[in-house]
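Contents: one structure, followed by commentary.
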Amino acid sequence: MHTFVEEAEKILDKEYPVLDHGFVRLVDYLGSDQRIVQSARVSYGEGTKTYRQDKGLINYLLRNDHTSPFEQVVFTFHVKMPIFVARQWVRHRTARMNEISGRYSVMKDECYIPSSDHIALQSEDNKQGRKNEPVDEVTAEAVKEMLSQEQKMIFENYHKLLDMGIAREISRIDLPLSLYTEFYWQIDLHNLFHFLALRLDSHAQYEIRVYAEVILDIISKVCPIATEAFINHKKDGVSLSAKEKDAVKALLEGKEIPLEGREKEIFLEKLK
């Protein structure tokens with residue numbers, strides 16, 4: 001039975017702006033919460049169970065990693081983002097995508113410039129991230145000016161090459177990682193939840209995290225029960241190792257935590 005979700009239909013093809021030139025659009029969807037429970041029960045037709053029972057089943061499936069019913073729900077998005085974000089994005093290989101090609105198309109003069117409050121120094125304890133505090137406004141403006149001027153020069157040369165008749169596939173080769181690209185991206189709900197669990201994490205790069213936040217909001221319109229369960233059990237939930245379980249037991253008994261160094265730091269961070 002075809003699934004029709006009224007709230008999802010309202011946002012089809014709606015463009016959600018992200019960063020300075022990017023966006024996310026829900027192009028199409030297949031399935032909903034109802035499809036998940038139908039698949040799990042291998043039953044067809046509606047009204048076989050109550051809302052409360054459906055919610056309980058979805059929570060049970062997600063909490064216990066019974067993933068195949070969630071694969072019955074599929075989303076197709078049209079997304080636009082800087083290339084450096086896209087390179088992180090495509091590491092999630094359990095999806096299908098088709099990207100704009102600079103061999104066929106003349107690329108738009110659109111590059112990402114971070115806002116001042118997201119320009120920061122390199123973190124001293126996180127090799128792949130920035131500090132939480134932004135630099136001062138003078139430094140931020142200097143950084144943005146450097147980026148802007150370099151991007152302008154690169155695009156001037158890009159168009160000079162095109163005007164000379166140089167092939168598009170050659171003219172594009174010096175375009176920067178800040179250039180915006182766009183693609184259609186199709187993924188099932190199980191693998192989308194995995195994407196979101198990683199990219200909504202506070203350690204994920206800000207520029208991809210904001211896309212994940214928008215996508216989470218979009219899918220909540222299509223699968224509100226499943227999305228709520230994901231937030232509860234996966235996004236905001238905590239999994240513990242055997243040593244960490246012993247540490248929780250020690251805390252409850254008022255004893256010293258049997259962890260040291262980095263293990264202790266990770267454990268305490270989970271409890272925040």
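In this chain, residues are counted from 1 in sequence order. Any value given below was found using the heavy atoms of this structure, including those in side chains, with hydrogens, waters and symmetry copies removed.
Listed for the Y180 side chain is a donor-acceptor partner under 3.5 Å among the backbone atoms of H21. A distance-only check finds a donor-acceptor pair linking the side chain of D33 to the backbone of I225 [under 3.5 Å]. A donor-acceptor pair under 3.5 Å is absent between the side-chain atoms of E156 and the main chain of M153, judged by distance alone. Remark: side-chain polar atoms of R209 are not paired, donor with acceptor, to backbone N or O of R199 under 3.5 angstrom. For the pair T227 (side chain) and C223 (backbone), a donor-acceptor distance under 3.5 Å is present. A donor-acceptor contact shorter than 3.5 Å links the side chain of R168 to the backbone of Y104. Side chain of E207 to main chain of Y112: no donor-acceptor pair is present (N/O by atom type, distance under 3.5 Å, no hydrogens or angles).
Between F155 and L179 the shortest side-chain heavy-atom distance falls below 4.5 Å. Residues M107 and I100 meet the side-chain proximity criterion, which asks for heavy atoms closer than 4.5 Å. Within the 4.5 Å cutoff, the side chain of V5 has no heavy atoms near those of the Q34 side chain. Between I218 and I11 there is a side-chain heavy-atom pair separated by less than 4.5 Å. Side-chain contact between E150 and M146 is absent, with no heavy-atom pair separated by less than 4.5 Å. Counting heavy atoms from C-beta outward, L259 and K243 have side chains that approach closer than 4.5 Å. Counting heavy atoms from C-beta on, the side chains of K10 and E6 come closer than 4.5 Å. The shortest side-chain heavy-atom distance between L189 and I36 falls under the 4.5 Å cut-off.
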#### Entry: Pair E133-K131, salt bridge (charged side-chain N to carboxylate O under 4.0 Å, His left out): steps then yes or no
CA-CA 5 Å; E133 307 82 20; K131 289 184 175 181; 5.7 Å; no

### Query
Checking side chain to side chain donor-acceptor pair (under 3.5 Å) for the pair E137/S116: CA distance, chi angles, key distance, verdict?
CA-CA 7 Å; E137 187 61 31; S116 296; 3.3 Å; yes

### Task
Using the salt bridge (charged side-chain N to carboxylate O under 4.0 Å, His left out) rule, take D246 and K255 through it: C-alpha gap first, then chi angles, then the decisive distance, then the call.
CA-CA 11 Å; D246 290 339; K255 298 178 181 178; over 6 Å; no

#### Entry: N64 vs H66, side chain to side chain donor-acceptor pair (under 3.5 Å): CA-CA, chis, key distance, verdict
CA-CA 6 Å; N64 292 282; H66 295 301; 5.2 Å; no

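For Y211 and Q88, the side-chain atoms include no donor-acceptor pair closer than 3.5 Å. Using a 3.5 Å distance cut-off with no hydrogens or angles, the side chains of T50 and Q53 do pair a donor with an acceptor. Judged purely by distance below 3.5 Å, without hydrogens or angles, the side chains of H159 and D109 pair a donor atom with an acceptor atom. Defined by atom type and a distance below 3.5 Å, a donor-acceptor pair is missing between the side-chain atoms of H92 and N191. Looking at T3 and R35, their side chains do bring a donor and an acceptor atom within 3.5 Å of each other. For the residue pair D188 and H190, no side-chain donor N or O sits within less than 3.5 Å of a side-chain acceptor on the partner.
Atom CD of Q72 is separated from atom OG of S32 by 11.5 Å, given to the nearest 0.5 angstrom. In this structure, L61 CG and T67 OG1 are separated by 9.5 Å, a value rounded to the nearest 0.5 Å. Going from atom CG of L30 over to atom CD of Q186 covers 8.5 Å, rounded to the nearest 0.5 Å.
When all heavy atoms of P176 and I154 are compared, the closest pair comes out as CD-CG2, 3.8 Å. Taking both residues in full, the closest heavy atoms of F84 and S178 are given as CD2-CA, 4.3 Å, listed atom of the first, atom of the second, then distance.
Cation-pi geometry between K160 and Y158 is not met at under 6.0 angstrom from the ring centre and within 45 degrees of the axis.
Using cut-offs of 30° and 60° on the angle between ring planes, the pair Y206 and H118 is parallel. In this structure, F230 and F193 have parallel ring planes: the angle between them is below the 30° cut-off, well short of the 60° mark.
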